[in-house]
*Asks:* 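Can you read through this structure? Questions will come right after.
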Protein chains: 2
Amino acid sequence: MKPYLMQMLKELAMLGAMNNKIEVSSVELATQLETSQQTASRYLLELDKEGFIQREFGVKKQRISITDQGVDALEEEYSHYKQIFELKSKVRFKGIVVSGLGEGKYYTEQPGYRQQFKQLLSIDPYPGTFNVEIKPIEKNKLRLLKHYGGIDIKEFSTKNRSFGSALCFNATVNGVKGAIVLPRRSHYSNVIEVISHHYLRDTLQIKDGDVVDVIVFVQ
Amino acid sequence: MKPYLMQMLKELAMLGAMNNKIEVSSVELATQLETSQQTASRYLLELDKEGFIQREFGVKKQRISITDQGVDALEEEYSHYKQIFELKSKVRFKGIVVSGLGEGKYYTEQPGYRQQFKQLLSIDPYPGTFNVEIKPIEKNKLRLLKHYGGIDIKEFSTKNRSFGSALCFNATVNGVKGAIVLPRRSHYSNVIEVISHHYLRDTLQIKDGDVVDVIVFVQ
DNA sequence: ATTACTAAGCAGCGAGTAA
DNA sequence: TTTACTCGCTGCTTAGTAA
């Protein structure tokens with residue numbers, strides 16, 4: 001939706017058009033938005049055509065109410081601002097499911113990690129990680145997480161090799177509980193590794209390429 | 001602020017630029033906003049010039065953070081959505097102070113009204129009403145109030161004449177407590193009459209033509 | 001790889017006006 | 001009064017490209 005239409009829809013909502021039919025003329029709306037009557041009229045036509053508002057005409061003025069679709073649009077916009085100002089304890093990622101190289105299984109099965117996952121995250125991980133690829137731009141959010149702190153998984157060694165430390169956060173994938181694991185000794189990649197008690201591909205009925213919502217909880 | 005710049009500022013905020021310097025390229029932002037690299041670049045130049053963001057350049061990408069002024073702009077936008085979705089128990093009016101015809105004094109001094117104001121609103125009104133002229137478009141909000149209910153002031157008669165009923169709401173003018181009085185037998189005018197224990201013109205140090213904020217409380 | 005300039009094209013704006 | 005059309009013009013957008 002074009003930002004200038006959103007602005008007008010917001011204005012209508014502030015005048016009460018979400019609960020009522022409001023009586024307004026295009027001139028009044030134009031004044032409010034500091035634009036011309038013609039532009040206000042055109043905006044209304046567009047909003048109507050796209051199904052965001054409903055209009056009725058009288059002899060004077062018109063009666064406008066916001067449709068369910070319009071309310072949805074407003075709610076989405078509102079949710080963005082809530083993310084910015086309120087839900088600082090949650091960070092959302094949208095990404096697509098990808099296959100790893102199978103190393104996830106190797107790592108999650110190491111008793112040295114598994115023990116800590118159980119103890120610190122209360123997760124007995126299903127063997128293997130669930131990998132979500134995010135857009136490069138969202139790596140900024142990943143970087144943010146480090147500042148917020150998280151749950152520390154300590155490094156350890158077996159007689160064969162050593163395993164590095166990792167930073168973990170409780171998280172959900174499409175609502176299903178799990179945790180994300182960020183290896184400390186590696187640059188941020190654009191893949192988030194998720195562990196969960198469940199085999200997420202089955203639980204969520206999801207395959208490679210599907211879009212998922214990952215919500216990370218910051219304490 | 002132009003709506004399309006607001007959209008970009010919001011996008012930056014969602015990526016964490018309010019607390020951090022985020023690393024983004026104009027191409028990434030363009031993808032996010034579904035526009036061209038050139039447009040994203042231009043938006044950033046504008047936001048910078050207007051003082052909403054700060055930029056640093058590296059060899060690759062740029063580091064962007066939102067300034068206090070940018071945060072202010074986002075907060076204002078957020079407050080609009082809060083008004084729409086949350087503060088349904090408050091209705092705000094912005095208007096200018098005007099003089100009445102002096103009838104306010106006549107009415108507020110009628111014992112039949114004064115008694116009810118004291119009892120139902122706990123206000124012993126200063127003689128005279130404080131009149132606030134609102135924009136015609138805001139009459140819609142006034143109409144909304146009727147649906148929400150309010151405090152009913154009953155009609156009464158003296159031996160000389162009869163006085164009509166009115167609908168009242170607790171309210172504040174620039175933060176000072178009072179109530180608004182909407183006569184039932186009259187169409188909505190674009191003037192809100194406010195009663196208060198205080199002589200508002202003095203208390204608020206306000207004169208005709210000044211802009212005031214009226215917040216009406218709906219129970 | 002970046003950012004951002006120039007130039008051309010086109011979308012949005014608003015004056016004028018009809019209905 | 002209204003709303004909304006046409007149309008000329010402005011200003012936003014983007015391809016091309018420099019740095």
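Letters go in sequence order (proteins before strands), and every chain restarts at 1. The structure displayed is predicted, hence computed values, not measured ones.
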*Asks:* Please indicate whether B:Arg185 has more than 12 foreign heavy atoms, meaning atoms of other residues, nucleotides or ligands, lying under 6.0 Å from its CZ.
*Replies:*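 For B:Arg185, atom CZ is not crowded (no more than 12 foreign heavy atoms under 6.0 Å).
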*Asks:* Provide, to the nearest angstrom, the distance between the CD atom belonging to A:Gln62 and the P atom belonging to D:dT1.
*Replies:*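 It is 17 Å, rounded to the nearest whole Å.
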*Asks:* How many whole angstroms separate atom OH of B:Tyr4 from atom C1' of C:dA11?
*Replies:*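 Answer to the nearest Å: 13 Å.
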*Asks:* When the distance from CZ of B:Arg63 to C1' of C:dT2 is rounded to whole Å, what number comes out?
*Replies:*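 The distance from CZ of B:Arg63 to C1' of C:dT2 comes to 16 Å, rounded to the nearest Å.
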*Asks:* Looking only at side-chain N and O atoms, does B:Tyr43 offer a donor or acceptor that is under 3.5 Å from a partner on B:Gln38?
*Replies:*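 Checked: B:Gln38/B:Tyr43 side chains show no N/O donor-acceptor pair below 3.5 Å.
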*Asks:* With no hydrogens and no angle check, do the side chains of A:Ser165 and A:Glu155 hold a donor and an acceptor under 3.5 Å apart?
*Replies:*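 Their side chains do not contain a donor-acceptor pair, so the 3.5 Å distance test is not met.
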*Asks:* Given that A:Lys60 and A:Arg55 both sit by DNA chain D, which one's nearest nucleotide is further toward the 5' end?
*Replies:*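 Between the two, 5'-proximity favours A:Lys60.
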*Asks:* Over how many whole Å does the gap from A:Lys61 atom NZ to D:dA4 atom P extend?
*Replies:*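 The distance from NZ of A:Lys61 to P of D:dA4 comes to 16 Å, rounded to the nearest Å.
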*Asks:* Starting at NZ of A:Lys2 and ending at C1' of D:dC12, how long is that distance when rounded to a whole Å?
*Replies:*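 Computing the A:Lys2:NZ to D:dC12:C1' distance gives 13 Å.
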*Asks:* Give a yes or no on this: more than 12 heavy atoms of other residues, nucleotides or ligands lie within 6.0 Å of atom CD of B:Gln54.
*Replies:*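 No, because the 6.0 Å sphere around CD of B:Gln54 holds 12 heavy atoms or fewer from other groups.
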*Asks:* Is it the case that more than 12 heavy atoms not belonging to A:Glu86 sit under 6.0 Å from its CD atom?
*Replies:*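 More than 12 within 6.0 Å, yes.
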*Asks:* Does any residue of residues 33-52 of chain A have a heavy atom under 4.0 Å from DNA chain C, and if so, which ones, in number order?
*Replies:*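 Contacting residues: A:Thr35, A:Ser36, A:Gln38, A:Thr39, A:Arg42, A:Tyr43.
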*Asks:* Are A:Phe163 and A:Tyr113 an aromatic pair by the rule of ring centers under 6.0 Å?
*Replies:*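 Ring centroids of A:Phe163 and A:Tyr113 are less than 6.0 Å from each other.
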